[in-house]
Amino acid sequence: TSPRLLCAATQQKNTGQNLEEDQSQSQNEQKVEPSSAEKLLAEEKAKLEEQLKDVTDKYKRALADAENVRQRSQKLVEEAKLYGIQSFCKDLLEVADILEKATESVPKEEIKDDNPHLKSLYEGLVMTEMQIQKVFKKHGLIRLDPVGAKFDPYEHEALFHTPVEGQEPGTIALVSKIGYKLHGRTLRPA
């Protein structure tokens, strides 16, 4: 055997071993690379899941806000329907007050068949006053005449305080102007 052949055989043997080692190293490298890629994918998956959770939360909140806005606007529309006539009713209250004062100003002893014009005028005023009260009731405007009731600051306005025999403190003894409520809301305190 010549030293050359030994060298060649050794080289082939070494090359064979080196090939095996290279293959096992490349397999190890392939195993390492996928694990780092898997880590990257797992991190990206976690980020995407967090983003999905945030977007879903924002979406649910936006839906809830939209529903709240819809309900509020529906309530405002309903209140506008109910209370839209409020300023018109306030103006008509002055007319009702004038009619009431007119009927109160006529002395009862003057209303006789001897004076047919005054009697007709008085009856016409009384009928007009009754009719306006019917119209008020039809549209939810209720008259407040609290004589003898307990004082309620939401429905009454106190002008003065005085002791009255036979009535306990906090009781309304005199009403100078009748109050009105529109659908449960005080339009004008008594």
Side-chain angles (χ1 to χ4, degrees), residues 51-190:
Q51 285 178 351
L52 176 66
K53 185 179 174 184
D54 289 343
V55 168
T56 304
D57 185 50
K58 287 178 183 176
Y59 173 72
K60 287 179 181 178
R61 287 179 187 272
L63 281 178
D65 284 344
E67 181 64 20
N68 288 341
V69 166
R70 186 191 67 77
Q71 288 176 351
R72 267 189 255 125
S73 62
Q74 184 178 9
K75 184 179 176 183
L76 288 174
V77 166
E78 289 172 4
E79 283 183 358
K81 286 179 184 176
L82 278 178
Y83 302 111
I85 60 171
Q86 187 169 344
S87 64
F88 180 68
C89 288
K90 278 186 177 181
D91 293 339
L92 280 180
L93 291 181
E94 298 303 321
V95 174
D97 290 342
I98 292 169
L99 281 173
E100 185 179 355
K101 294 293 181 194
T103 55
E104 288 175 359
S105 68
V106 176
K108 301 293 183 208
E109 60 272 354
E110 293 290 323
I111 305 169
K112 297 180 183 172
D113 290 333
D114 298 346
N115 198 348
H117 297 295
L118 182 62
K119 184 177 180 183
S120 297
L121 180 64
Y122 177 77
E123 287 172 355
L125 287 174
V126 169
M127 289 189 326
T128 305
E129 187 180 358
M130 286 175 24
Q131 187 61 36
I132 202 166
Q133 290 300 325
K134 283 181 187 177
V135 170
F136 284 170
K137 218 174 243 183
K138 178 182 171 186
H139 292 284
L141 191 62
I142 299 170
R143 184 180 168 127
L144 297 174
D145 193 3
V147 174
K150 280 286 196 190
F151 178 76
D152 181 2
Y154 296 107
E155 294 180 357
H156 313 127
E157 186 176 309
L159 299 177
F160 57 90
H161 185 8
T162 183
V164 176
E165 277 188 40
Q167 291 187 352
E168 54 186 77
T171 304
I172 298 172
L174 178 68
V175 175
S176 63
K177 210 172 204 180
I178 299 294
Y180 286 89
K181 276 184 150 184
L182 180 63
H183 298 290
R185 182 188 289 178
T186 302
L187 186 62
R188 182 178 79 185

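Any value given below was found using the heavy atoms of this structure, including those in side chains, with hydrogens, waters and symmetry copies removed. Note that the coordinates shown come from a computational prediction; the quantities given were computed from them, not determined experimentally.
Nearest heavy atoms, Leu182 versus Leu82: CD2-O, 4.2 Å. Contact record, Lys101 with Ser176: NZ-O, 4.1 Å, taken as the closest heavy-atom pair. Summarising the geometry of His139 relative to His183, their closest heavy-atom pair is O-NE2, 3.2 Å, with the distance given to 0.1 Å. What you find for Val106 and Tyr122 is that their closest heavy atoms are CB-CD1, 3.9 Å. Gln167 and Thr171 make their closest contact through OE1-CG2, 3.9 Å (heavy atoms, listed as atom of the first residue, atom of the second, distance). Taking each heavy atom of Val147 and Ala173 in turn, the nearest pair found is CG1-O, 4.1 Å.
Using a 4.5 Å cut-off on side-chain heavy atoms (C-beta onward), Lys75 and Arg72 make no contact. Between Phe160 and Leu174, some side-chain heavy-atom pair lies under the 4.5 Å cut-off.
For Ser105 (side chain) and Ala102 (main-chain N/O), a donor-acceptor pair under 3.5 Å exists by modelled atom type. Side chain of His161 to backbone of Gly170: no donor-acceptor contact under 3.5 angstrom is found. Looking only at distances, a side-chain donor or acceptor of Thr186 sits under 3.5 Å from a matching main-chain atom of Tyr154.
Leu93 meets the side-chain contact (heavy atoms from CB on, under 4.5 Å) test with Phe136, Leu141, Tyr180, Leu187, Arg188; sequence neighbours excluded.
When each of Lys60, Lys53, Arg61 is tested with Asp57 by the rule salt bridge (charged side-chain N to carboxylate O under 4.0 Å, His left out), just one qualifies, namely Arg61.
In this structure, OG1 on Thr128 lies 13.0 Å from CD1 on Ile98, to the nearest 0.5 angstrom. Taken to the nearest 0.5 Å, the CG atom of Leu144 stands 6.0 Å off from the NE2 atom of His156. Distance check: Ile85 CD1 to Asp91 CG gives 12.0 Å after rounding to the nearest 0.5 Å. We find the SG-CD distance between Cys89 and Glu94 to be 12.5 Å, quoted to the nearest 0.5 Å. Atoms CG and CD, on Asp97 and Glu104 in that order, are 10.0 Å from each other to the nearest 0.5 Å. The distance from the CD atom of Glu100 to the CD1 atom of Ile178 is 5.0 Å, given to the nearest 0.5 Å.
Other residues, nucleotides and ligands contribute over 12 non-hydrogen atoms within 6.0 Å of the CD atom of Glu109. By the 6.0 Å contact criterion, NZ on Lys150 is enclosed, its count of non-hydrogen atoms from other residues, nucleotides or ligands being greater than 12.
A side-chain donor from one of Gln71 and Glu67 sits under 3.5 Å from a side-chain acceptor of the other.
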